[in-house]
Amino acid sequence: MGRSTSRQFRFGRAQLEARDGESLLAALARRGWPSLVRSVRYHRPRGPMCGVGDCTGCLVRVNGVPNQRACRRPVREGDQVLTENSWPSPRHDLFGIADLLLPHGLDTVHGLRRPAFLTGTYQRAVRRLAGYGHAPDPPASATAAEPHRREAEVLVVGAGRSGRASAEALVRAGLRPLLLERRADAVPVDGAETLAGTTASMLAPPAGGTDRFSLLGFDLDGAGVVVRARSVVVATGGYDAGLLFEGSDRPGVVTGDLALSGVGLPLGPSVIVGSGERARTVVERLGKDAAAVVAFGDIGPELVRTAAELEVPLYPRSRVVRAVGRGRVRALEVARRDGAGRFRLACSAVVLAHRRLPNDQLLFQAGAARSWRDTPGAYFPEVDRRGRTGVARLFAVGSAARPAGSAAPSADELADAVRGQETTLAPSPPELGGRPGELLAYYRELLRERRRGKWVLCPCEDVLLEEVERAVERGFRGLEVVKRYTGVGTGLCQGRYCLPEAIVALAILEGRPPTEVGFITQRPPLVPTPLSALAAVAGEFATELPP
Amino acid sequence: MTFARRDYRAVVVGAGIIGLYTAYHLARRGAGPVLVVDRGFLSSGGSGRNGGGVRQQWETRGTIRLAREAVAAYRRFGRDFGTNVWFRQGGYLFLAEGPAELERLARVHEVVRSEGLPSQLLTAEQVAERVPGIAPGSVVGGSFLASDGTVYPFPAVWGLYEAVRALGVEVVLGVSALGVRAEQGRVQGVETSAGPAGAPTVVNAAGGWSAEFSRACGLEVPNVATRHEILATEPMKPFLDPMVVRASDGLYFSQTMRGELVGGLTVPHEPGTRRGVPSSPRFVTAMARALVGLLPRLRGLGVLRAWAGFYDDSPDGLPVIGEDPRLGGFVHANGFGGHGFMLAPSASERVARAVLAEPVDLDPKEFSPARFLGSGAAPSRERLQLG
Ligand SMILES: Cc1cc2nc3c(=O)[nH]c(=O)nc-3n(C[C@H](O)[C@H](O)[C@H](O)COP(=O)(O)OP(=O)(O)OC[C@H]3O[C@@H](n4cnc5c(N)ncnc54)[C@H](O)[C@@H]3O)c2cc1C
Ligand code: FES
């Protein structure tokens with residue numbers, strides 16, 4: 001296929017062109033900053049945040065199917081793309097009035113009860129506020145894509161750095177691994193079969209008389225993918241976490257993943273939040289667009305050096321207070337943690353690169369255990385030094401398994417472990433390093449801030465910090481209960497961007513350690529998975545996920 | 001010391017919708033001190049894992065009457081308890097795939113109508129108007145009752161939790177009831193993981209664990225816990241009003257206030273009460289096939305999450321309400337199968353009456369625990385175990 005081929009597609013009424021293999025978001029970003037969607041309840045302006053297919057900032061309707069992630073979807077010839085949940089457009093949305101009329105949000109638990117004769121009207125209004133898109137159109141053709149089935153000795157999920165290294169080592173060790181990668185542009189590994197553009201969604205451990213794990217996934221056409229494998233290496237990498245502050249949901253607040261994704265979003269002058277290697281990589285990538293670096297604590301020496309070379313000012317021991325701007329960030333308000341005042345940094349983007357968390361959900365589905373680590377303030381899977389989890393023949397490597405900078409097995413050590421028949425070792429206790437509890441201290445200061453606008457804890461479902469506070473005040477404690485009470489963690493990102501923050505915020509509000517706030521039982525699938533993909537492989541599973 | 005008192009008028013085991021509603025009715029009747037214990041968090045049992053369906057279309061008249069009262073209670077819930085349960089009367093639509101199912105629905109329809117409820121039999125075209133996008137030829141007709149609907153279960157639990165506490169009921173979470181203390185065939189109190197609590201009555205509202213608790217108290221019961229799974233899709237703008245239930249396999253789904261389609265398949269039961277209640281690829285894929293078969297337009301829609309919970313099934317499909325003849329003061333409030341949420345407001349009122357030894361206006365052949373103790377088969381049976 002020629003590199004220069006282009007694709008024609010429609011965006012609303014406009015006829016646009018995309019390069020071969022380009023994502024919808026990348027194609028749209030060439031026309032400027034893309035405003036694609038409004039938030040669910042209050043119709044707040046939202047923008048692409050993660051660039052990796054996990055947030056709700058780039059949802060569009062493609063060919064009659066709602067909730068498609070523009071950043072994940074390669075443009076196909078003739079695609080019909082529409083925006084939703086706004087009128088007349090996401091940039092100028094009349095429903096945005098909801099945000100202004102409801103400064104403290106809508107209390108759907110206790111409000112809207114009187115007068116009783118309005119019950120029906122309230123119901124229709126609240127129902128109308130739900131959901132991003134309209135129900136799918138009837139399908140053009142009756143034929144569903146054929147599912148793909150694979151058997152493999154070893155399955156490696158994720159073709160990032162550590163997934164590729166593992167696959168290569170397994171090949172050297174004489175095995176022929178199957179490598180699964182959700183990005184469409186994954187480069188194949190010699191000697192391994194590579195399934196690019198394939199997203200894993202459920203992983204069940206061996207059960208019902210077989211010795212195989214069953215993995216369920218789907219490809220870019222919505223076709224189901226079933227892999228049976230004797231051993232599974234989870235190398236799904238990490239992601240840059242969100243951060244809660246006033247305006248943290250504003251368009252222009254993005255994660256390091258987006259900044260590094262190659263989507264080519266016009267970020268412009270950007271403030272980078274973070275102190276370590278990840279922030280350094282972002283600064284290097286943004287080059288002259290890196291306007292400043294803000295960090296909770298001290299800034300690492302490598303980042304100091306890179307920033308000095310690029311003449312980027314550094315603000316260590318500082319706290320992000322507020323993103324200023326509505327349709328797009330205009331400035332970031334920052335407070336010195338020593339109380340020496342606050343200031344504004346003009347910018348058009350804020351890049352969050354302060355805390356990298358594991359994409360570890362697949363591991364928990366298959367029965368691996370997790371434990372809390374004070375540094376960086378999050379749960380991590382329990383994985384030993386050779387990549388073994390507590391589940392036989394289930395391995396985890398790279399950022400999916402451990403915090404950045406901690407000891408990792410070499411790819412060859414892993415290959416030995418995969419080939420080895422010995423039973424699993426007890427997972428080693430989590431190593432603690434850095435400054436434990438720093439995140440908690442940061443949030444404690446942040447939650448003392450006087451709040452002017454909405455603090456959106458869960459952007460997918462527009463859940464406000466206030467709602468969580470109300471729940472705690474009324475005696476509803478613990479993450480499981482607060483999740484049901486407020487809806488935090490039940491949106492399309494499957495809790496990736498709100499639960500880690502909610503755990504820390506709840507710990508402070510309830511006055512107990514994060515480990516006592518609890519964690520949420522994994523409710524599969526990992527990512528919204530098309531019904532067609534699941535339907536196509538019905539009847540092929542005898543297994544259950546472990547408790 | 002976990003409990004505020006040594007002695008109570010009644011101890012309720014289980015803070016699900018049944019236990020909390022029972023406590024509410026007891027408090028409202030001035031029963032005296034009531035203690036509710038639950039070993040989990042609020043909504044950890046069936047009451048936090050269900051589909052929120054509320055229907056009055058049943059084969060047995062007793063159940064129709066209870067359901068009808070419950071509908072009135074859910075309509076008032078926001079005003080009575082201060083929380084919105086978003087009871088939305090979009091109707092329950094039963095689908096018939098063939099003449100046999102249609103005949104069965106017609107029989108139910110007759111009973112329902114004779115109880116004064118305006119249920120309707122629908123043609124395939126009328127069904128298609130109410131289920132936009134239904135695959136042509138997939139049904140021959142259906143039955144519909146417009147006043148049936150759905151509630152959002154969690155706030156019902158929270159509202160009751162707050163209401164009973166305001167009425168002086170003590171609710172202690174994280175405490176297991178281990179058994180009862182009995183003398184001369186009468187309950188004297190409950191043993192719990194936090195120590196004993198004295199009471200002349202104990203209510204077994206332990207949902208899927210009710211048989212386990214009865215047995216711990218020395219009472220053999222025929223209830224069986226079965227695991228049922230359910231899933232939610234991505235949210236969409238409203239397009240579907242009724243709760244849809246297919247008569248053949250019990251496929252059911254409705255569109256919630258949040259826009260998600262929530263539903264499951266009634267048929268594959270699995271006995272057991274393993275904790276942790278995982279979901280399985282088997283269910284998710286089977287459910288997906290059933291859904292897209294019926295509504296092909298949903299093909300590209302994503303499944304967002306799936307979970308599982310327990311039905312507490314009695315042998316005849318009817319709840320078990322009342323004092324156990326073998327142990328004075330041991331009151332059953334269980335066996336609700338897949339329908340405890342919709343019957344809770346009215347059924348629990350009867351439970352409270354049984355606790356207070358007041359007359360209960362339920363047919364003992366249909367509801368009393370004694371019906372399983374006699375010889376021969378139970379004389380009544382509720383077969384519409386769908387959705
Ligand atoms: C998937 C699914 C879908 C459903 N759909 C519907 C529907 O659409 N409509 C409907 O009406 N119903 C539905 N149901 C059924 C409904 O959820 C139940 O009938 C109802 O919630 C039962 O309420 P409960 O209070 O009896 O039990 P639960 O809510 O299960 O509460 C029992 C409580 O007892 C506690 N407990 C148990 N043992 C002990 C002990 N020894 N000590 C202390 N505490 C204990 C448990 O922790 C639990 O919290 C559904 C159920 C499931 C699983
Ligand atoms: S930017 Fe596309 S999903 Fe986050």
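Numbers restart at 1 for each chain; the letters A, B, ... are given by sequence-line order, proteins then strands. This is a predicted model, so every value here is computed, not measured.
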Hey, are Glu125(B) and Arg130(B) close enough for a salt bridge, meaning a charged N less than 4.0 Å from a carboxylate O? no
My understanding is that only one of Val139(B), Leu295(B), Leu294(B) makes a side-chain contact (heavy atoms from CB on, under 4.5 Å) with Val131(B); could you say which? Leu295(B)
Do the side chains of Asp79(A) and Arg76(A) get close enough for a salt bridge, i.e. N-O under 4.0 angstrom? no
Using the six-membered ring wherever Trp is involved, compare the ring planes of Trp158(B) and Tyr152(B) and label them parallel, tilted or perpendicular (cut-offs 30° and 60°). perpendicular
Look at Ala130(A), Gly539(A), Ala536(A) and state which one has the largest set of heavy-atom pairs under 4.5 Å with chain B. Ala130(A)
Does any backbone or side-chain atom of Leu173(B) lie under 4.5 Å from a heavy atom of chain A? Answer side chain, backbone, both or neither. neither
With only heavy atoms counted, which part of Glu162(B) is less than 4.5 Å from chain A, the side chain, the backbone, both or neither? side chain
Tell me which one of Arg69(A), Arg182(A), Arg72(A) satisfies salt bridge (Lys or Arg N to Asp or Glu O under 4.0 Å) with Asp54(A). Arg182(A)
Given the options Arg124(A), Gln494(A), Arg484(A), which has more heavy-atom pairs under 4.5 Å with chain B than any of the others? Arg484(A)
Bottom line for Arg165(B): the part with an atom under 4.5 Å from chain A's heavy atoms is side chain
Proximal component of Leu216(A), with respect to chain B [non-hydrogen, under 4.5 Å]: side chain
Fit a plane to each ring of His228(B) and Tyr311(B), take the angle between them on a 0 to 90° scale, and name the class: parallel (under 30°), tilted (30 to 60°) or perpendicular (over 60°). parallel
Do NZ/NE/NH1/NH2 and the carboxylate oxygens of Arg127(A) and Asp241(B) come within less than 4.0 Å? yes
What option among Gly78(B), Ala232(B), Gly159(B) has the most heavy-atom pairs under 4.5 Å with chain A? Gly78(B)
Apply the side-chain contact (heavy atoms from CB on, under 4.5 Å) test between Phe218(A) and each candidate in Pro525(A), Pro528(A), Ser201(A); give the one that qualifies. Ser201(A)
Ranked by heavy-atom pairs below 4.5 Å to chain A, first place among Gly300(B), Gly293(B), Pro155(B), Gly48(B) goes to Gly300(B)
Considering only heavy atoms and a distance below 4.5 Å, find which of Arg41(A), Glu84(A), Arg114(A) pairs most often with chain B. Arg114(A)
Heavy-atom contact with chain A under 4.5 Å, split by part of Val303(B): both
Derivation of the side chain to side chain contact (heavy atoms under 4.5 Å, CB included) call for Val34(B) and Glu170(B): CA-CA 6 Å; Val34(B) 174; Glu170(B) 195 181 326; over 6 Å; no
Which bit of Asp137(A) comes within less than 4.5 Å of chain B, counting heavy atoms only: side chain, backbone, both or neither? backbone
Between Leu291(B) and chain A, which part of the residue has a heavy atom less than 4.5 Å away: side chain, backbone, both or neither? side chain
Ranking Asp107(A), Val109(A), Val126(A) by heavy-atom pairs under 4.5 Å to chain B gives rank one to Val109(A)
For the interface with chain B, which of Ala533(A), Gly64(A), Gly487(A), Gly111(A) has the highest count of heavy-atom pairs at distances below 4.5 Å? Gly111(A)
For the candidates Pro235(B), Gly82(B), Ala286(B), which exhibits the highest count of non-hydrogen atom pairs separated by less than 4.5 Å from chain A? Gly82(B)
For atom CZ of Arg370(A), is the number of surrounding heavy atoms from other residues, nucleotides or ligands below 6.0 Å larger than 12? yes
Options Val65(A), Leu526(A), Val40(A), Thr490(A), ranked by heavy-atom pairs under 4.5 Å with chain B, top entry: Thr490(A)
